[in-house]
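Data block below; observations after.
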Amino acid sequence: MAVHSKHPASAPPEPPVREKTGHIMLRGWCILVLFMSLSGTAWVNALGELTTTVITIAGGVLSAVLWMVLRPPVQWRRLPWFVVAYVAWATLSLAWSAWPATTALTLLLLWITTLQALFIGSVLTWRELVRASASALKWVMALSFLFELWVWVFVRAPILPGFVVDKADDPIEYWSRNNLFEWDKRIQGIMGNANLLAPVALLAIIVFSIRLASGAPRRTFLWIWIGLSAFLFVRAGSATAYLTAAAVVVVLVTVLLMRRATKPGERTKYYVGYVVVGLGGLVALWLLRDTIFTSLGRSADLTGRERIWEAVLARAAERPWTGWGFATPWVPSDPAFDGWIIDHGQTVMQAHNMWVDVAMQLGIIGVVLLALLYLAFVWRAWFFAIDRPRWDLRADRPYSPLTLLPTLVGAILLVQGLAESSPLLLWGWLFLVMLGSKIKQSPHVGVGPAEQTVAIERGDAVERDRRAVREPGTPASSGGAAADDLPAGRGA
């Protein structure tokens, strides 16, 4: 029987080299770690605090062991030193903390999250990092929808954490309120909180869109994932998330305009316009806050947040420089927080503003360290996005859509941090540290010791073939699609 082949006569007789099993398993572990941080309180709601704590600690230990075994290349001079300084100051606060038990417990979470962020950034390339983030976000989006659908179809009533069907004293206690197809009400996903679901859904839209722009395979499915994420984002109904989305759009448009600049000084007008729009938006938001928040179904004081801020700032003023001790999040069982600020009958676990929260916990010194950390991250992320990749005399390399991720994540965290303390922990802190350290270690997509070592170890024959046909001296993966965006058997 004749065998017909679509391959050209010059095609190699052997199949392309696939990824090594060890590297596939490593990326799978990174996806699980990202999923744990993105899903956040879902683990506590489903498994309880003790089980979640054990899983979190075990995950941190496993990543530490893998890091020591793999020994990925790290440029020690290019570590995120502001992150190190902030974590060190938070650790020192244990010496004067007014709530030492809470400080010790939350410091453990901070250390583990920081470790996981540095670990993922060091063992994955930029393309793998975005791909792993997309995979983790798919799980969060899919499980959030399926969870709400399961409650709607089978339970047909609101449920409490632990899958308990019972009546709560206040709806805020419910894990799911059984609102999936009640279009005038909010849904909460697996996190059990609409204000946590909305920013993650926004992040999912960004990551899936970047994958789409990068030429990833199965584009139809990516559009479906974007549609599902948009559905969850809208149904979460978070006023803060809507304002965050507007800020993300402004940043994205500005970056794309900056990329079009071809002459020296041409970006100046875009910077001026960016500042005018940004400051004008903030002034309009403040002057029209009654109208804006009322139209979004919220009160002008951000649903009681001003009352919380006043109480937290009053406590912060008693220890202005060093603060009362690290506590992110507040542990409601601690006598210092139990019953201190009550909202809907529940003890509040955060200040609903990361700057106010840090001012109380770590004082002015902590606020300055956090501000320097964000300033360094935003600065590097901005130029990572708008500058054309260049490390030699060639100045016409194409931009990569992947470089948009850090600056858009920065926009989410900064705006979200004005009304929530969530950027200080879980996925907010993990992405801040992970992307910030990755930019310092590998300032170009596909270029740098960490990027090249991982590509070689996984046996990426496709990328080597592409490198061979490029002009001499041009490193691989300078822009556009790469092996990570190809189906299995053709790279990643």
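Start at 1 with the first residue, then count along the sequence. Atoms considered below: every heavy atom in the structure, side chains included; atoms not considered: hydrogens, waters and symmetry mates.
Remark: of the listed residues Gln416, Arg186, Gln188, Arg186 is the sole one forming a side-chain hydrogen bond (donor to acceptor under 3.5 Å, both in side chains) with Asn195. Put simply, the residue from Thr114, Leu107, Leu92 that forms a side chain to side chain contact (heavy atoms under 4.5 Å, CB included) with Val87 is Thr114.
For the pair Ser63 (side chain) and Gly60 (backbone), a donor-acceptor distance under 3.5 Å is absent. The backbone N or O of Phe119 sits less than 3.5 Å from a side-chain atom of Ser122, completing a donor-acceptor pair. Side-chain atoms of Ser135 never come within 3.5 Å of backbone atoms of Ile31 as a donor-acceptor pair (strictly under, hydrogens ignored). The backbone N or O of Tyr174 lies less than 3.5 Å from no partner atom in the side chain of Arg177, so there is not a single donor-acceptor pair. For Trp309 (side chain) and Ala351 (main-chain N/O), a donor-acceptor pair under 3.5 Å exists by modelled atom type. With hydrogens and angles ignored, the 3.5 Å screen pairs a side-chain donor or acceptor of Thr41 with a backbone N or O of Met191. Side-chain atoms of Gln350 come within 3.5 Å of backbone N or O of Ser421 as a donor-acceptor pair. For Gln116 (side chain) and Gly59 (main-chain N/O), a donor-acceptor pair under 3.5 Å exists by modelled atom type. No donor-acceptor distance shorter than 3.5 angstrom exists from the side chain of Glu420 to the backbone of Asn353, with no hydrogens or angles considered. With hydrogens and angles ignored, the 3.5 Å screen pairs a side-chain donor or acceptor of Gln441 with a backbone N or O of Gln75.
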Next on the checklist: Would Val378 and Thr407 count as a side-chain contact (heavy atoms from CB on, under 4.5 Å) here? Give the steps.
Outcome noted: CA-CA 6 Å; Val378 170; Thr407 193; 5.9 Å; no
Next on the checklist: Apply side chain to side chain donor-acceptor pair (under 3.5 Å) to residues Trp330 and Asp357 and explain how you reach the verdict.
Outcome noted: CA-CA 10 Å; Trp330 306 348; Asp357 221 333; 3.0 Å; yes
Checklist entry - What's the verdict on side chain to side chain donor-acceptor pair (under 3.5 Å) for Trp150 and Ser176, showing C-alpha distance, side-chain angles and the deciding distance? => result CA-CA 10 Å; Trp150 172 75; Ser176 171; over 6 Å; no
Item to check | Derivation and outcome, side-chain contact (heavy atoms from CB on, under 4.5 Å), residues Arg211 and Trp225 | outcome: CA-CA 11 Å; Arg211 288 280 293 160; Trp225 285 113; over 6 Å; no
Checklist entry - Stepwise, does the ring-ring contact (aromatic ring centres under 6.0 Å, His included) test hold for Trp99 with Phe326? => result CA-CA 8 Å; Trp99 35 75; Phe326 185 77; over 10 Å; no
Next on the checklist: Let's go through Lys440 and Leu79 carefully: what are the C-alpha distance in whole Å and the side-chain angles of both, what is the deciding distance for side-chain contact (heavy atoms from CB on, under 4.5 Å) to 0.1 Å, and is it a yes or a no?
Outcome noted: CA-CA 7 Å; Lys440 291 198 70 176; Leu79 285 176; 5.9 Å; no
Item to check | Candidate pair Val253 and Val249, rule side-chain contact (heavy atoms from CB on, under 4.5 Å), full reasoning | outcome: CA-CA 6 Å; Val253 171; Val249 171; 4.3 Å; yes
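Trp67 has its side chain within reach of Leu118: a pair of non-hydrogen atoms, C-beta onward, lies under 4.5 Å apart. In this structure, Val164 and Ile159 have side chains that are not in contact, with every pair of non-hydrogen atoms separated by 4.5 Å or more. At a threshold of 4.5 Å between non-hydrogen side-chain atoms, the residues Arg131 and Arg27 count as touching. For the pair Ile439/Pro406, a side-chain contact is recorded, criterion being any heavy-atom separation below 4.5 Å from C-beta on. Between Pro423 and Trp429, every side-chain heavy-atom pair lies at or beyond the 4.5 Å cut-off. Phe208 has its side chain within reach of Lys138: a pair of non-hydrogen atoms, C-beta onward, lies under 4.5 Å apart. Residues Trp427 and Leu203 are in side-chain contact: their nearest non-hydrogen atoms beyond the backbone lie under 4.5 Å apart. No side-chain heavy atom of Asn45 sits under 4.5 Å from any side-chain heavy atom of Phe147.
Nearest heavy atoms, Gly40 versus Leu426: CA-CD1, 3.8 Å. Of all the heavy atoms in Arg219 and Gly215, the pair that sits closest is NH1-CA, 3.7 Å. Of all the heavy atoms in Gly366 and Val358, the pair that sits closest is C-CG1, 3.6 Å. Taking all atoms of both residues into account, the shortest heavy-atom contact from Ala317 to Pro320 is O-CD, 3.5 Å. The minimum heavy-atom distance linking Arg71 with Met68 is given by the pair CG-O, 3.1 Å. What you find for Leu402 and Ser214 is that their closest heavy atoms are CD2-OG, 3.4 Å.
Using modelled atom types, one finds a donor on one side chain and an acceptor on the other under 3.5 Å when comparing Ser39 with Trp43. Residues Thr403 and Trp126 have side chains that never bring a donor and an acceptor to within less than 3.5 angstrom of each other.
Here the straight-line distance linking atom CE of Met141 with atom OG of Ser229 works out to 5.5 Å at 0.5 Å rounding. A distance of 7.0 Å separates CZ of Arg235 from CG of Asn179, quoted to the nearest 0.5 Å. Between the CG atom of Leu110 and the CG atom of Leu115 there is a distance of 11.0 Å, given to the nearest 0.5 Å. Atom OG1 of Thr240 and atom CD1 of Ile412 lie 13.0 Å apart (nearest 0.5 Å). Atom CZ in Phe384 sits 9.0 Å away from atom CG in Leu435 (nearest 0.5 Å). Atom CG in Leu202 sits 12.5 Å away from atom CG in Leu232 (nearest 0.5 Å).
No more than 12 heavy-atom neighbours from other residues, nucleotides or ligands sit within 6.0 angstrom of CZ on Phe221. No more than 12 heavy atoms of other residues, nucleotides or ligands lie within 6.0 Å of CH2 in Trp379, so this atom counts as exposed by the packing criterion. Heavy atoms from other residues, nucleotides or ligands lying under 6.0 Å from CH2 of Trp152 number more than 12. The neighbour count for Trp223 CH2, taken as heavy atoms of other residues, nucleotides or ligands under 6.0 Å away, does not exceed 12. Summarising the local packing, CH2 of Trp321 is surrounded by 12 or fewer heavy atoms from other residues, nucleotides or ligands at distances under 6.0 Å. Counting non-hydrogen atoms of other residues, nucleotides and ligands closer than 6.0 Å to CD of Gln346 gives a total above 12.
The aromatic rings of Trp139 and Phe35 stand perpendicular to each other, their planes meeting at an angle above 60°, with 30° marking the opposite boundary. Relative ring orientation between Trp89 and Trp96 is described as tilted, the plane-to-plane angle lying within the 30° to 60° band.
Between Phe233 and Tyr242, the distance from one ring center to the other falls under 6.0 angstrom.
Relative to the ring axis of Trp340, Arg315 places its NZ or CZ within 45° and under 6.0 Å from the centre.
Applying the salt bridge (charged side-chain N to carboxylate O under 4.0 Å, His left out) rule to Glu148 yields no partners; only residues at least two apart in sequence or on another chain are considered.
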